[in-house]
Amino acid sequence: MTGPRVALFATCITDTVYPETAKAVLRLLERLGCEVDFPLAQTCCGQMHFNTGYHDHARPLAQAYAEVFAGYDYVVAPSGSCAGMVREIHPGLAGTGPAVERTYELSEFLVDVLGVTDVGAYFPHRVTYHPTCHSLRMLGVGDRPLALLRAVRGLELVELPQAEQCCGFGGTFALKNAETSTAMLADKMRCVQDTGAQVLTAGDNSCLMHIGGGLSRLRTGVRTVHLAEVLASTEEEPWAAATR
Amino acid sequence: MGGRNPVTWLGTPSFPKAAHDALGDTQLRRNLRKATTTIRGKRASAVAELADWERLRAAGAAIKDDVLANLDTYLVRLEEAVTARGGVVHWARDAEEANRIVLDLVRAEGADEVVKVKSMATAEIGLNEALEAGGVRAVETDLAELIVQLGDDRPSHILVPAIHRNRAEIRDVFRRRMAEPPASDEPGDLAEAARRHLRRKFLATKVAISGANFAVADTGSVVVVESEGNGRMCLTLPETLITVMGLEKIVPSWPDLEVFLQLLPRSSTAERMNPYTSVWSGVTPGDGPRRFHLVLLDNGRTATLADRVGRQALRCIRCSACLNVCPVYERTGGQAYGSVYPGPIGAILAPQLVDDPHDEQAASLPYASSLCGACYEVCPVRINIPEVLTHLRGKVVEAKGKRTPEAVAMAAAAWMFADARRYEVAQKAGSLSRFLARDGRISHLPWPGSKWTSSRDVPAVPKESFRAWWRRNRG
């Protein structure tokens, strides 16, 4: 292959709870001509520790990240939050370096590095998109995910009201301030349901786990599907409603 | 000196507990949603009018950083300029000292009542309560502050302290406390009742107390911006004016003030320019108060200044844009923060001013955020509030030590993540959760997972992780 050598940083939550998302990233990037590796020494970016105040525990994880991902052209993560942690926080914890500087969130990588918005996807569903806070404000991915979604054949994209409001996840915030988190979630779910969408997509499985957990609890019938899975879906190999 | 810093209210429970009560208050929830949604939209339009907004923000931050880095120089310059123009400067290291200075000044005037301009600094130090204890009645003249004061209530917003009250509640408060109560709960009637109530005070009271939005070091000019004109009354009619000002409110020169007079109204009330901007330099014979005292207040500010990350909170110009965009504030309101400084700025400012790592309530404030970053995006002086929040969380964790259940769990997780093999063992153990699941979802977990499953399902961990799949197929 002649494409760029890309390391997939799956993130701990996707690796463990949402392996289908990581497989989707792999399928998508290979379809677009990348040579993808998954370095098995990777674990977690340290965001939970850092954001909760355990900076000393986050530091060695940032150091390990720099070592594990040093030898690639690019590192791609299906998460705005984890990519944000690496790019914005790791330098202060463990210094910067090639791994940090070459880390991209998936939609950034597709649009900015590979220069594509039409990835050849097919996804015949009514879909709404939630811009997760860290991809929106920490990374500034802007409307890259929307540009990608607009090019998906069969996909009916509906605008999410008050899209830029946080869903209330916030990592350990969802536990420490569970009631406030739930109040925020309730409004997010109302907005999602107002769209009449079948599928809510986003670039972060953590936020989708939160919103999806609420939508599932209330038996709304709305599915949460990571952006990578939407983009990986084709007519030949369509997304199948996996267990979520 | 010493004692408790009144910036947080004694007896307020920690944030999650206070939020519990607020979240159940339907009237509060409705008022807040309506008010914050409206002001958010207006602010966005007001800001969008300026093509150089981002440059203004950067300039505002840079000016404030320069002031903070050279505070010693600017403070002395301000003192000299105020003194040269006939004012008297007092230095107060904490709330207790500031309150004593003000009370002594009021007593020296022989007054038993003072009128007040809306001021965060005097609210921070609990001046009204201190004056009351000294036999002096303080009358708030800002309409919303008056509503809070007459209702024996506490403020819930920096700019609109009675944001949690609707007009029927305000009418009831006025009916109880005013000689000429309002005819109805129509805004015009409420405003008229307040106007009549306050006019008498303005004309009869000899001493006024204010805060300051800015003070120009070069000329010793103090600036108050407001909407109602009641502040202007206080600043011009009485014989004596006492201003209490946080020592970070300085701007070096008049051209610097220009930057903030653009940033503040648009961020705060979504106005191009606020209706009243009062500026005075010492005293002017035949015009306004004959005696002017400026009390420069530290109350935790120099300690905050010593913190490399936390000091940016001192750039704050009290616009409250961060409150209005905060999804947490929108749902809990301001009183849940237990401080005159609520919302995102309160969550980083109050704990620093309290400066007591063992104060449970103050320690809960940096966690009262989902770190969504909406506050940082709107802050007119670019305070990176999420950065300060995580920094202060670090200090909380350090103070609590390594033996709390959370610290033990975090240490265990860090040990597990430190080695990919241990991590993989943990993944396999976690995948056993699938036996708790129905249709791939789990609805009940034991504590602390119950905090999640109280309102949200959690997906079962699948049998095969991605890395296991990779090793099987690609390894």
Side-chain angles (χ1 to χ4, degrees), chain A residues 10 12 14-19 21-23 26 38 40-44 46 48-55 57-58 60-61 64 89 133-134 136-138 164-185 187 209-210 212-214 216-217 243-244, chain B residues 15-16 19-20 23 29 327-328 331-332 366-374 376-377 390 392-398 406-407 410-411 413-414 416-420 423 427 430-431 439-441 443 448 451-452 454-462 464-471 474-475:
Chain A
C12 60
T14 290
D15 178 16
T16 307
V17 186
Y18 299 106
T21 302
K23 290 177 206 170
L26 178 65
F38 177 81
L40 282 160
Q42 66 179 281
T43 60
C44 167
M48 175 184 76
H49 284 100
F50 182 82
N51 283 354
T52 312
Y54 294 84
H55 301 179
H57 289 324
L61 295 174
I89 308 295
C133 297
H134 290 172
L136 186 71
R137 301 194 184 90
M138 214 170 184
E164 297 190 357
Q165 274 246 345
C166 176
C167 74
F169 172 61
T172 50
F173 173 79
L175 303 177
K176 285 175 175 285
N177 282 285
E179 291 181 84
T180 305
S181 166
T182 297
M184 291 159 70
L185 172 62
D187 290 337
M209 179 172 79
H210 186 242
S216 151
R217 170 64 55 88
T243 48
R244 287 221 149 181
Chain B
F15 186 83
H20 169 85
L23 290 167
R29 296 287 297 275
V328 173
R331 286 158 185 92
T332 65
Y367 291 94
S369 165
S370 65
L371 303 178
C372 84
Y376 180 28
E377 198 172 49
T390 52
L392 295 178
R393 289 176 185 188
K395 292 173 94 166
V396 170
V397 163
E398 209 170 290
E406 181 188 279
M410 286 289 177
M416 179 267 291
F417 281 133
D419 183 301
Y423 166 60
Q427 283 182 321
S431 77
D439 304 331
R441 60 186 165 215
S443 298
K451 287 170 177 282
W452 178 280
S454 62
S455 60
R456 298 148 287 208
D457 289 341
V458 61
V461 177
E464 187 177 57
S465 68
F466 176 73
R467 72 179 50 229
W469 177 90
W470 175 274
R471 194 182 281 110
R474 303 288 186 102

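Letters go in sequence order (proteins before strands), and every chain restarts at 1. These numbers were taken from a predicted model, which means no experiment stands behind them.
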For B:Leu371, is it the side chain, the backbone, both, or neither that has a heavy atom closer than 4.5 Å to a heavy atom of chain A?
both
Taking B:Arg456 for its side chain and A:Ala174 for its backbone only, find out whether a donor-acceptor pair lies under 3.5 Å.
yes
Contact check, side chains of A:Thr14 and B:Phe466, non-hydrogen atoms, under 4.5 Å
no
Atom OG in B:Ser443, atom CZ in A:Arg217: separation rounded to 0.5 Å?
4.5 Å
Looking at B:Arg471, B:Met416, B:Arg393, which one has more heavy-atom pairs under 4.5 Å with chain A than the rest?
B:Arg393
Measure distances from B:Ala418 to the heavy atoms of chain A and classify the residue's part below 4.5 Å as side chain, backbone, both or neither.
backbone
So CD of B:Glu406 and OG1 of A:Thr172: to nearest 0.5 Å the spacing works out to 6.5 Å
Contact summary for A:Leu175 and B:Pro448, nearest pair of heavy atoms
CD2-O, 4.2 Å
Tell me, for B:Thr332 versus chain A, whether the close heavy atoms (under 4.5 Å) come from the side chain, the backbone, both or neither.
side chain
Please rank A:Leu61, A:Val17, A:Leu185, A:Asn51 by heavy-atom pairs under 4.5 Å with chain B and give me the top one.
A:Asn51
Under 3.5 Å: donor-acceptor pair, side chain of A:His134, backbone of B:Gly373:
no
Among the options B:Gln427, B:Lys451, B:Met410, pick out the one with the most heavy-atom pairs lying under 4.5 Å from chain A.
B:Met410
In a check of side-chain hydrogen bond (donor to acceptor under 3.5 Å, both in side chains) between B:Arg331 and each of A:Thr180, A:Thr182, A:Asp187, which one passes?
A:Asp187
Heavy-atom proximity to chain B below 4.5 Å, by part of A:Leu26:
side chain
Indicate yes or no for a side-chain donor-acceptor contact from B:Arg467 to the backbone of A:Ala10 under 3.5 Å, with no hydrogens or angles considered.
no
Heavy-atom proximity to chain A below 4.5 Å, by part of B:Ala468
neither
Using non-hydrogen atoms only, which part of B:Glu398 is less than 4.5 Å away from chain A: side chain, backbone, both, or neither?
neither
With chain A, the option among B:Ala420, B:Pro16, B:Cys372 that has the most non-hydrogen atom pairs under 4.5 Å is B:Cys372
Are any side-chain N or O atoms of B:Arg441 and backbone N or O atoms of A:Gly213, one a donor and one an acceptor, separated by less than 3.5 Å?
no
Over all atoms of both residues, closest heavy-atom pair of A:Gln165 and B:Pro327:
OE1-CB, 4.0 Å
Any sub-3.5 Å donor-acceptor pair from B:Tyr367's side-chain atoms to A:Thr52's backbone N or O?
yes
Heavy-atom distance under 4.5 Å to chain A: side chain of B:Val328, backbone, both or neither?
both
Can you tell me which portion of B:Trp470 sits under 4.5 Å from chain A's heavy atoms? Options are side chain, backbone, both or neither.
side chain
In Å and rounded to the nearest 0.5 Å, what is the CD to OG distance from A:Glu179 to B:Ser454?
8.0 Å
Of all the heavy-atom pairs spanning B:Tyr423 and A:Cys12, show the shortest one and how long it is.
OH-CA, 3.2 Å
Interchain contact, B:Ser431 with chain A, by part (heavy-atom threshold 4.5 Å):
neither
Segment of B:Phe417 engaging chain A (4.5 angstrom heavy-atom cut-off):
both
Please rank B:Gly430, B:Ala460, B:Ala413, B:Ala19 by heavy-atom pairs under 4.5 Å with chain A and give me the top one.
B:Ala413
If we only count heavy atoms from C-beta on, is the B:Tyr376 to A:Arg137 side-chain gap below 4.5 Å?
no
